[in-house]
Asks: 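One structure, pasted below without further comment.
The first residue of the sequence shown is numbered 1, and numbering continues consecutively from there. When a ligand or atom number is given, it counts from 1 through the structure's own listing order.
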Amino acid sequence: MRTKTCRDETRSAAPDHRTGPPTRDDCVALDAVDPIGALRDQFSLPEHMIYLDGNSLGALPRATAARVADVVTREWGRDLIDSWNSAGWIDAPRRAGDALAPLIGARAGEVAVADSTSINLFKVLTVAMRLAADHDPVRKVVVSETDNFPTDLYIAEGVLGQGGGSLSLVPATPGDVRTDAIVAALGPTTAVLMLTHVNYRSGAMHDMKRLTQIAHEAGALVVWDLAHSAGAVPIDLHAADADFAIGCGYKYLNGGPGAPAFLWVHPRHVERFRQPLSGWMGHAAPFAFVPGYAPAAGVDRFLCGTPAILSMAALECGIASLKMPGVSDDPMPALRAKSIALTALFIDLVEARCGDALLLATPRDPALRGSQVSFHARGAIAGHGYPVMRALIERGVVGDFRKGATDDGDILRFGFTPAYLRYVDVFDAVDLIADVVANGRYREERFSVRAAVT
Ligand SMILES: *Cc1c(COP(=O)(O)O)cnc(C)c1O
C-alpha cells in the first residue's frame, strides 16, 4: 500500500529550494500526476463550490441520474411489477452487498444492504446480546463511548430496554488514553464492545484489529460502526476477526440522501440466532406465504421488508463510482493514499495560515485518523464556530459544524473524499477559510440563525 504523505508528494513535485507550505502551483502539479485524478470525472460537482462534506452526504455520481431515471420510467413506468424479476429488483440487496463486500474485507454473500444504519444496529446488537448471554448469562453490559454517534447510543438504549442489560460509556479522551480507557472498561460482565471506527466529530480512528483482539480476550463480542470508514479507509473485517459491522450508504459510498445502509455478520455467528425484525424479506421462502417465520440462510435473514429500489439503484451507482477501470480491483489503497495526502496538506496549510484561530482536533498521525479533519475554534473566533461555518459555506467552502465533546470547544469539520477532491481544492479552500476567519463578517447576525440540519 502507498503510504506517502503529502510532504513526500510535495517534495517530489517541487524539489529542494522551498521550506514553506506548498504553493498553489505545487498543488496544480500534484493534481497533474495524481494516479486517481480521473475518478473526479465520475462525479457531477457544482461549480464554484469546494465540497468538504462528503463525510456527511457524498456527492452525486454522474451515472446516478440516468440510472435512476431509467428505473423510474422504464422499469417502473413501463414494465411495472414484472421488473421484480425481469429487472432483477429482488436481487438488488444481494448485488449491492456483493459490490460493497471487497471494500470492507468481507466476502461475497456476507453483506446485507437494507434499511438505515440505526435499524441495522438494532438488529446486530440484539443478536450480539443474545449470543453473549447464551455463552454466559452474566454478560449484559454494552461498552461504548460517550462521544460515539448519538444514534448508536440511542439504539443501544432501545436494545437494552427490550432485553435487559446496561450501557457503560467511556468518556471522550484523546489518543492512546482513549484506547486505554476502553480496554479498562472491559470486564467479566461485558457482552459487547460497540464502537464507531472513525469518530464522526474528531475523525480519530480506532485500531480495529487490536481492539477486537483485546475484546475477544476479555470474552466480549465487537460491533463496529463503519459509517465514516466504508469507502474512506481500507477495512479488513476478516483480518480483524470482527464479529458484526454496520455502516452507511450516503457518506463516502455516495449512495444519495437516505441511501440504504449495510450490515455484516461474521459467518461463525450468522445462523446462530434470529434477528429481531423478522420480516418476510428475511424469510427462507418469502413467496411461499406460510404463516410461520423461518429465517433465510446466511446474512439474508437480516433483511426485513421490501427493498427501496430507487435508493438501491442510486447506491449501486455510488459504490461503482469508487472503482476506476485500470487502477486496481481494490480502489481503497489508492483512495487512502490520496486521502492522507489531502488531509495532511489541509492541516499544513491551515496551521500556516490561520493556526491562531483554528486548533487541530484530529490526530496529526495519519495512521490514527480517517478522511476528515476537524478544528476547534479558538482565539478571535472562539465561541463563533457556527457562524464562521455558515459564512464559509456562503463563500463556497462546504464543511459542517458539530457541538464539541470536550471543553476545548465546538468543532469545524471538513471531510475529504479522495475520489473527487483535488489538491488545488484544498489550497483554495484554505485561502477562503483564512479570509473568512480574518474578515469578521461572520459576526453578521444572519450567520447565527440555526438551520434545522447543521
Ligand atoms: C451517519 C451515522 C449514522 C447514521 O445512521 P442512520 O440510521 O443511517 O441515520 C449512524 N452511526 C454513525 C456513527 C454515523 O456516523
Asks: With rounding to the nearest 0.5 angstrom, report the CD1 to CG distance, Ile381 to Leu358.
Replies: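 Between Ile381 CD1 and Leu358 CG, I get 4.5 Å after rounding to 0.5 Å.
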
Asks: For ligand 1, find out whether one of its N or O atoms is nearer than 3.5 Å to an N or O atom of Tyr200.
Replies: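 In this structure, Tyr200 places no N or O atom under 3.5 Å from an N or O of ligand 1.
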
Asks: Relative to the heavy atoms of Ser116, which atoms of ligand 1 are at a distance of less than 4.0 Å?
Replies: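 Counting atoms of ligand 1 from 1, those under 4.0 Å from Ser116 are 7 (O), 8 (O).
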
Asks: In terms of residue, atom name and distance, what is the protein heavy atom nearest to atom 4 (C) of ligand 1?
Replies: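 That would be Tyr250 OH, 3.3 Å.
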
Asks: Which is it for Ser118 and ligand 1 at heavy atoms under 4.0 Å: side chain, backbone, both or neither?
Replies: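 It is both parts that get close, each with some atom under 4.0 Å.
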
Asks: Is the closest basic N to carboxylate O distance between Arg94 and Asp98 below 4.0 Å?
Replies: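 A salt bridge links Arg94 with Asp98.
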
Asks: Below 3.5 angstrom, do we get any N/O pair linking Asn148 and ligand 1?
Replies: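 No, there is no polar N/O contact under 3.5 Å.
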
Asks: Assess the side chains of His266 and Arg268: does a donor N or O sit below 3.5 Å from an acceptor N or O?
Replies: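 Present: a donor and an acceptor within the cut-off.
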
Asks: Check ligand 1 against Ala227 and write out every atom of the ligand that is under 4.0 Å from a heavy-atom position of the residue.
Replies: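 Counting atoms of ligand 1 from 1, those under 4.0 Å from Ala227 are 2 (C), 12 (C), 13 (C), 14 (C), 15 (O).
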
Asks: Is the Tyr442 to Phe447 ring centre distance short of 6.0 Å?
Replies: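 Ring centroids of Tyr442 and Phe447 are no less than 6.0 Å from each other.
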
Asks: Which part of Thr196 is near ligand 1, with near meaning a heavy atom under 4.0 Å away: side chain, backbone, both or neither?
Replies: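 Contact part for Thr196 vs ligand 1: side chain (C-beta onward).
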
Asks: Give yes if a backbone or side-chain nitrogen or oxygen of Lys251 is under 3.5 Å from a nitrogen or oxygen of ligand 1, and no if not.
Replies: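 N/O-N/O distance below 3.5 Å exists for this pair.
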
Asks: Going through the distances and angles, do Gln162 and Met129 end up as a side chain to side chain contact (heavy atoms under 4.5 Å, CB included)?
Replies: CA-CA 11 Å; Gln162 299 273 316; Met129 293 300 285; over 6 Å; no

Asks: Give me the residue, atom name and distance of the protein heavy atom closest to atom 5 (O) of ligand 1.
Replies: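 For atom 5 (O) of ligand 1, the nearest protein heavy atom comes out as Thr117 CB, 3.4 Å.
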
Asks: Which ligand 1 atoms, with their elements, are less than 4.0 angstrom from a heavy-atom of His228?
Replies: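 Every atom of ligand 1 under 4.0 Å from some heavy atom of His228: 15 (O).
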
Asks: Sort out for me which residue in Val299, Asp115, Leu303 forms a side chain to side chain contact (heavy atoms under 4.5 Å, CB included) with Pro93.
Replies: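 Of the listed residues Val299, Asp115, Leu303, the side chain to side chain contact (heavy atoms under 4.5 Å, CB included) partner of Pro93 is Leu303.
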
Asks: In ligand 1, which numbered atoms sit nearer than 4.0 Å to a non-hydrogen atom of Thr151?
Replies: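 Listed by number with element: 5 (O), 10 (C), 11 (N).
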
Asks: Test your reading of the model: is there a side-chain donor-acceptor pair from Thr146 to the backbone of Ala172, 3.5 Å cut-off?
Replies: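 Confirmed, Thr146 side chain pairs with Ala172 backbone.
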
Asks: Are any of the side-chain nitrogens in Lys338 or Asp34 under 4.0 Å away from the carboxylate oxygens of its partner?
Replies: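 Salt bridge present between Lys338 and Asp34.
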
